[in-house]
Undergrad: 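So that we are looking at the same thing, I have put the structure below in structure tokens.
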Amino acid sequence: MRRTCYCGEVTEMYLSKEVILEGWAHRTRDHGGLIFIDLRDREGIVQVVFDPAEIPRETFNTAKEVKSEYVLRIKGTVRKRPEGTENPKLKTGNVEVLAKEIEILNTSLPLPFKIEDEIDVSEEVRLRYRFLDLRRPEMQRKLILRHKAAQAVRKYLDSIGFIELETPFLTKSTPEGARDFLVPSRLNPGKFYALPQSPQLFKQIYMISGFDRYFQIVKCFRDEDLRADRQPEFTQIDLEMAFVEKEDVMEVTEGILKTIFSIIGIDIKTPFLRISYTEAIDTYGSDKPDLRIPWKMYTLTDILVDTEFKILREAIDEKNTIKALKVEGNTKFSRKDLDDTLAIAVNYGAKGLIWMRVSEGSVTSPIAKHLKEGEIKAIIERCEAKEGDTLFLVADKWEKACEILGNIRIELARRFNVIDEDRYEFLWVTDFPLLDWDEEEKRYVSVHHPFTSPMDEDIPLLDTDPLKVRAKAYDVVLNGVEIGGGSIRIHRQDIQEKIFKLLGIGDEEAKIKFGFLLEALQYGAPPHGGLALGFDRIIAIITKSPSIRDVIAFPKTQKGICLMTQAPSEVSEKQLKELFIQVIPPKR
RNA sequence: GGGGCCGUGGUGCAGACGGUUAGCACGCCGGCCUGUCACGUCGGAGGUCGCGGGUUCGAGUCCCGUCGGCCCCGCCA
């Protein structure tokens with residue numbers, strides 16, 4: 001006996017036909033003299049009827065024993081449901097299967113939660129019983145969509161000449177970037193592999209090897225603290241191209257995203273908007289702005305340059321920037337709203353927060369009396385503020401002031417429900433700085449990574465003003481989420497060495513850590529660049545999942561624990577001994 | 001490392017200001033039921049109140065610590 005079709009496929013097409021179905025008992029309704037069993041498999045649910053007039057007593061009694069999630073094989077005939085008993089909620093609702101035979105293939109313990117969407121259960125329980133959670137239609141839809149997206153991306157990239165190539169998981173630990181997961185080497189006592197944070201160096205090597213266009217849908221590993229959108233292992237769509245400029249990489253990326261979104265029936269417009277890092281920070285207070293939020297930020301420093309209001313006077317004298325966020329619309333801020341907004345500001349390091357509400361050509365504000373009429377007018381004009389709009393002002397270092405207001409922008413947009421969840425706003429953020437200054441370590445660090453090419457015209461600045469150097473780097477942003485990023489790489493050994501030097505990586509260290517790359521760059525390395533897309537994040541967005549855990553089959557908790565397997569776990573003395581490893585217990 | 005929310009039968013929740021039998025819904029078990037589809041109906045079982053300590057005549061409730069889950073800051077080239 002073999003299955004003839006999936007439960008969810010039994011429609012009028014099968015009328016009067018005999019079918020064999022295999023699946024799980026979704027629900028049973030025992031009316032004493034008549035039993036209904038909803039049988040479920042991955043394609044859906046169909047109602048099976050057991051009528052004692054049609055089958056032997058023994059068969060009927062077997063059906064009586066069935067409980068939730070028993071695994072069944074049922075043979076029966078498809079018939080029209082009696083007039084008036086159709087169920088429009090089911091795809092198969094016009095028909096039912098009149099059972100002739102039933103076989104219980106397996107029983108099931110009572111479940112901790114129901115196998116259905118909209119369950120009211122903690123994520124902790126879902127993760128502990130992930131095998132049941134994944135049985136729910138919602139989770140099956142998400143993982144099947146994930147599969148479809150991966151397949152579509154493969155097909156698309158293959159069609160434009162990309163070659164799917166693998167890279168090692170057991171590889172070399174490199175400085176910079178995230179903390180590595182280490183794997184001890186039994187054959188080389190005291191030495192460790194690292195799991196890759198990304199296939200970065202290998203894909204560059206592939207370019208030097210002449211594969212020209214590489215891609216991979218691949219796991220990456222970073223041992224950092226977890227968030228709703230961060231797991232220690234996650235999946236990237238990773239690609240690299242030779243003989244290209246950033247426009248080429250951006251075009252391919254837009255093609256990939258277009259491909260993925262077409263799966264959910266959304267035709268996204270390309271090319272995406274492009275704005276510079278500086279503009280993104282200045283206007284939206286974020287390098288990954290959510291363009292679904294209409295509110296923007298404005299600079300008021302020049303307007304208030306002669307102010308006598310003490311707090312702002314001091315800010316200007318300290319060469320700080322005064323920024324304003326405009327919250328549009330007649331949004332009513334209660335005392336509590338204002339307090340909460342201040343709390344957000346303080347959380348991001350603000351020393352204070354000024355609010356002003358536009359009203360009858362002037363403003364209502366705790367500081368209104370300290371401002372001249374001309375200043376107020378100029379502020380309203382600069383912000384293009386209308387009646388009822390509320391402005392929030394912060395005075396601080398440019399980047400910090402922007403960042404504080406940027407976070408207020410996001411949190412207030414959520415609170416006042418101004419984000420349209422059905423909109424998808426893509427953009428490119430370009431012209432990132434190449435380097436940042438790390439105050440703790442007292443050295444430059446890469447904003448992107450150490451292999452990112454500086455802009456040609458900024459190369460001289462490497463010697464004079466490194467922080468002014470812009471990178472050939474680009475991030476792709478969707479609805480306030482960084483879904484990908486990449487760069488044109490350095491393909492000349494002299495520049496690469498110079499960057500290492502600036503990063504405080506000495507010749508000796510560079511040779512030890514990246515010797516193979518520096519060497520490869522000397523053997524005809526073509527200009528190249530690429531990008532990686534956060535696959536989990538994209539799938540989370542298109543399935544409207546609040547966390548990437550919902551689109552990862554077996555995710556970890558915030559403490560990095562898999563609640564199903566209880567990994568990580570202790571290992572035996574013997575295992576440690578073989579690896580020449582000794583555990584030092586943490587101090588209590 | 002830090003801030004916030006949460007932890008009570010299998011699941012989700014309720015338990016004022018500490019008071020004697022810890023309540024509700026769903027699920028589970030048993031009976032009845034031939035057109036249900038969240039079936040109905042009658043009955044029943046099921047609890048270390050996360051864990052440890054303290055205050056008290058008495059702690060699910062108050063205090064301290066600890067463990068776990070979630071959100072966030074730091075961190076994540």
Side-chain angles (χ1 to χ4, degrees), chain A residues 26-40 45-54 60 67-69 81-90 92-93 96 98 108-116 118-129 132 174-180 197-198 200-201 220-232 234 340 343-344 346-349 403 407 410-411 414 432 434-436 438 440 444-452 471 473 482 485-487 499 503 505 532 534 546-547 549 556-561 563 566 588:
Chain A
H26 186 65
R27 242 180 265 280
T28 62
R29 292 176 294 282
D30 182 350
H31 288 230
L34 195 67
I35 298 168
F36 298 98
I37 295 178
D38 291 339
L39 196 65
R40 188 198 68 243
I45 291 173
V46 69
Q47 173 168 282
V48 181
V49 197
F50 293 81
D51 185 342
E54 306 274 348
F60 191 76
K67 301 184 204 314
S68 280
E69 297 306 304
R81 290 197 186 194
E83 187 93 28
T85 64
E86 297 87 355
N87 185 352
K89 281 188 246 166
L90 292 181
T92 63
E96 64 189 8
L98 180 66
S108 171
L109 290 172
L111 270 53
F113 52 84
K114 289 185 195 163
I115 308 301
E116 61 187 22
E118 318 266 323
I119 50 169
D120 195 8
V121 65
S122 72
E123 190 175 5
E124 199 172 347
V125 175
R126 287 174 54 203
L127 290 178
R128 161 124 197 271
Y129 298 95
L132 295 177
T174 54
E176 303 290 303
R179 193 174 294 110
D180 286 320
Q197 295 173 29
S198 86
Q200 183 58 37
L201 294 172
C220 301
F221 306 87
R222 292 177 193 178
D223 188 7
E224 296 293 346
D225 286 2
L226 285 70
R227 289 282 192 286
D229 62 352
R230 275 163 38 188
Q231 283 276 305
F234 61 99
D340 290 351
I344 298 164
V346 169
N347 186 242
Y348 287 94
E403 191 194 319
N407 283 300
I410 294 165
E411 300 217 19
R414 287 198 191 121
F432 281 84
L434 183 73
L435 301 166
D436 198 6
D438 186 319
E440 267 177 44
Y444 293 110
V445 290
S446 295
V447 169
H448 191 55
H449 59 51
F451 321 106
T452 301
E482 182 197 325
S487 63
I499 298 293
L503 295 174
I505 301 172
S547 158
R549 291 187 300 275
K556 313 268 188 296
T557 67
Q558 200 159 52
K559 281 228 158 68
I561 289 165
L563 291 178
Q566 290 301 324
R588 283 251 133 220

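Note that the structure is predicted; figures quoted are calculated from it, not measured.
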Undergrad: Quick one: does A/R222 reach the base of B/C76 with a side-chain donor-acceptor pair under 3.5 Å?
TA: no
Undergrad: Syn if the chi torsion is within 90° of 0, anti otherwise; quick check, which is B/C49?
TA: anti
Undergrad: Indicate, yes or no, whether a donor-acceptor pair under 3.5 Å links the base of B/G3 to the side chain of A/N347.
TA: no
Undergrad: With rounding to whole Å, what would you report as the distance between B/A59 and B/G53 at their C1' atoms?
TA: 13 Å
Undergrad: Under 4.0 Å, heavy atoms only, any strand: does A/S198 hit a base, just the sugar-phosphate, or nothing?
TA: base
Undergrad: May I ask you to verify whether the side chain of A/R227 and the base of B/G74 hold a donor-acceptor pair under 3.5 Å?
TA: yes
Undergrad: Could you tell me whether A/E69 and A/R27 make a salt bridge, using a distance below 4.0 angstrom between a side-chain N and a carboxylate O?
TA: no
Undergrad: Hey, does A/N87 reach any base, or is it just sugar-phosphate, or nothing, if we go heavy atoms under 4.0 Å?
TA: base
Undergrad: Under 4.0 Å, counting only non-hydrogen atoms across every strand here, what does A/Q558 touch: a base, just sugar-phosphate, or nothing?
TA: base
Undergrad: Under 4.0 Å, counting only non-hydrogen atoms across every strand here, what does A/E123 touch: a base, just sugar-phosphate, or nothing?
TA: sugar-phosphate
Undergrad: Please pick, from B/C73, B/C70, B/G35, the nucleotide with the shortest atom-to-atom distance to any side-chain atom of A/H31.
TA: B/G35
Undergrad: Between B/A45 and B/C28, how far is it from one C1' atom to the other, in whole Å?
TA: 9 Å
Undergrad: Measure the distance from OH on A/Y348 to P on B/G74 and round it to the nearest whole Å.
TA: 7 Å
Undergrad: Which parts of nucleotides 26-32 of chain B does protein reach within less than 4.0 Å, heavy atoms only, written one letter per nucleotide 5' to 3' as B for base, S for sugar-phosphate only and - for none?
TA: SSSS---
Undergrad: Paired with B/G44: which nucleotide, if any, by Watson-Crick or G-U wobble criteria at under 3.5 Å for both distances?
TA: B/C28
Undergrad: Which part of the nucleic acid does A/P112 contact within heavy-atom distance under 4.0 Å: base, sugar-phosphate only, or nothing?
TA: sugar-phosphate
Undergrad: May I ask you to decide whether A/R81 forms a salt bridge with A/E86, counting only side-chain N to carboxylate O separations under 4.0 Å?
TA: no
Undergrad: At less than 4.0 Å, is any side-chain N or O atom of A/T557 found next to OP1 or OP2 of B/G69? Yes or no.
TA: yes
Undergrad: Between B/U11, B/G69, B/U34, which nucleotide has the shortest distance from any of its atoms to the side chain of A/D51?
TA: B/U34
Undergrad: What nucleic acid atoms does A/V121 come within less than 4.0 Å of, heavy atoms only: base, sugar-phosphate, or nothing?
TA: sugar-phosphate
Undergrad: Classify the glycosidic conformation of B/A14 as syn or anti, calling it syn when the angle lies within 90° of 0.
TA: anti
Undergrad: Looking across every strand, which nucleic acid part, if any, lies under 4.0 Å from A/F113 by heavy atom: base, sugar-phosphate, or nothing?
TA: nothing
Undergrad: Look at the side chain of A/R549 and the base of B/C70, then say whether one donor and one acceptor between them are separated by less than 3.5 Å.
TA: no
Undergrad: Using a cut-off of 4.0 Å on non-hydrogen atoms, how would the nucleic acid contact of A/E96 be classed: base, sugar-phosphate, or nothing?
TA: base
Undergrad: I'd like to know if the side chain of A/E224 reaches the main chain of A/R179, judged simply by a donor and an acceptor atom lying under 3.5 Å from each other, with no hydrogens or angles considered.
TA: yes
Undergrad: With a non-hydrogen cut-off below 4.0 angstrom, is A/E86 in contact with a base, only sugar-phosphate, or nothing?
TA: base
Undergrad: Scan every strand shown for a Watson-Crick or G-U wobble partner of B/A14, both distances under 3.5 Å, and answer none if you come up empty.
TA: none
Undergrad: Judged by atom type as modelled, is there a donor-acceptor pair below 3.5 Å linking the side chain of A/H449 to the main-chain atoms of A/F451?
TA: yes
Undergrad: Looking at B/C76, B/G1, B/C37, which one has an atom nearest to any side-chain atom of A/D225?
TA: B/G1
Undergrad: If you take atom types as modelled and just measure distance, does the side chain of A/R29 reach the base of B/U34 with a donor-acceptor pair under 3.5 Å?
TA: no
Undergrad: Can you tell me the Watson-Crick or wobble partner of B/C57, both distances under 3.5 angstrom?
TA: B/G19
Undergrad: Looking at A/R222 and A/D180, is any side-chain nitrogen of the basic one under 4.0 Å from a carboxylate oxygen of the acidic one?
TA: no
Undergrad: Could I get the full list of side-chain hydrogen bond (donor to acceptor under 3.5 Å, both in side chains) partners for A/E123, not counting sequence neighbours?
TA: A/R549
Undergrad: Quick one: look up who B/C70 pairs with, Watson-Crick or G-U, both distances under 3.5 Å, and put none if it's unpaired.
TA: B/G4
Undergrad: OP1 or OP2 of B/A38 versus the side-chain N and O atoms of A/K89: is any pair under 4.0 Å?
TA: yes
Undergrad: Are side-chain heavy atoms of A/V121 and A/R126 found at a separation under 4.5 Å?
TA: yes
Undergrad: Would you check, one step at a time, whether the test side chain to side chain donor-acceptor pair (under 3.5 Å) holds for A/R230 with A/Q558?
TA: CA-CA 9 Å; A/R230 275 163 38 188; A/Q558 200 159 52; over 6 Å; no
Undergrad: Near A/R128 CZ, under 6.0 Å, is it more than 12 heavy atoms from other residues, nucleotides or ligands?
TA: no
